[in-house]
Amino acid sequence: MSNRPLRKVVIPAAGLGTRFLPATKSVPKEMLPIVDQPTIQLIVDEALRAGAQEVVVVNGRGKGSIEDHFDRSYELEDTLQKKGKKELFEQIRKISDSVRIISVRQKEPMGLGHAVLAARHAVGDEWFGVMLGDDLIDSEDPGIGQLWRVAQETGKAAVALMPVPEDQAHMYGVGAGPLLGNGPHVLIDRIVEKPPKGTAPSNLAVIGRYVLPPEIFPILANTKPGAGGEIQLTDGLAQLAAKGQLVGVRFNGVRHDAGDRLGYLQANIAYALKRPELREGLLAYLREVTK
Ligand code: UTP
């Protein structure tokens, strides 16, 4: 895949979001706001900044609000225009104008590997990015673009890796292997999903960004349910790793797990502190309540 620009990304957003119940009973967790933007909008923005032209969203039952968010909203636009709210109008119009969204359905949330497989026909026969709908990477150089460059340079699939404390490794997919050249990236030769405590092959956790070749689809179609009874993307990736075809990318940027309550609150504070109109007030409040 030499010198091809990133064109398509897949955003799996069909999970049940049980860690966020009851909020996620009728609102998808990907639509929960970070300050005033749904999490998935920040992820789509990262994809666009990396040059992607098409975003395939894997939807589940009751996730119509994601489609609506990226669609035109005539009544709202009309009202904003009539009221002279030009800036807001332009902001709202930009959301639907800047991206081509394709929705595919995952009928049952049978795991991340199964969700990626649901995007097979929309992706076709080309390399693509995967961005988890609840994982944020705050970086000027978009995370998915960093992975795309490494995949291009090496001709191998890529996953994002981040060091985590040893006692947390069992909550993630974990990758291990020798450094690629002088580093910092890793040629992954072992990758396991949620290793039992004390058995993780390294402290490098897989974070929700991937660049994959179309060959992953037949692999996933033949992958049996693994950890938690789900069809795991990690188990499909293990087959690429066994052939020396998987690189772990030590990306630049701050990652927030917006699908986790504490991670979500931290993300809101971090993004709010970057907003000039909110920063001083928020800092004053934080100082007050932590006295
Ligand atoms: P998570 O495991 O974080 O999502 O999957 P979840 O299952 O919704 O969350 P909890 O653990 O119950 O709170 C990471 C991403 O993959 C999507 C989710 O929507 C999320 O964005 N996903 C997961 C799917 O699209 N389909 C699935 O079957 C599983």
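Remember, it's 1-based here, ligands and their atoms both numbered in the order they're listed.
- Using a heavy-atom distance under 4.0 Å as the criterion, the protein contacts of ligand 1 are Pro12, Ala13, Ala14, Gly15, Leu16, Gly17, Thr18, Arg19, Lys29, Glu30, Gln106, Pro109, Met110, Gly111, Leu112, Ala115, Leu132, Gly133, Asp134.
- The salt bridge (Lys or Arg N to Asp or Glu O under 4.0 Å) check on Lys107 picks up nothing, with sequence neighbours excluded.
- Here Met110 is tied into one hydrophobic group with Ile231, each link being a pair of ILVMFWY side chains closer than 4.5 Å.
- The residues Asp97 and Arg72 are annotated as salt-bridged, a charged nitrogen and a carboxylate oxygen being separated by less than 4.0 angstrom.
- Using modelled atom types and a 3.5 Å distance limit, the side chains of His256 and Gln266 yield no donor-acceptor pair.
- Pairs of residues two or more places apart, or lying in two chains, that qualify as salt bridge (Lys or Arg N to Asp or Glu O under 4.0 Å) and include a residue from residues 16-43 are Arg19-Asp134, Arg19-Asp257, Lys29-Asp134, Glu30-Lys63, Asp36-Arg275.
- The aromatic rings of Phe128 and Phe217 lie parallel to each other, their planes meeting at an angle below 30°, with 60° marking the opposite boundary.
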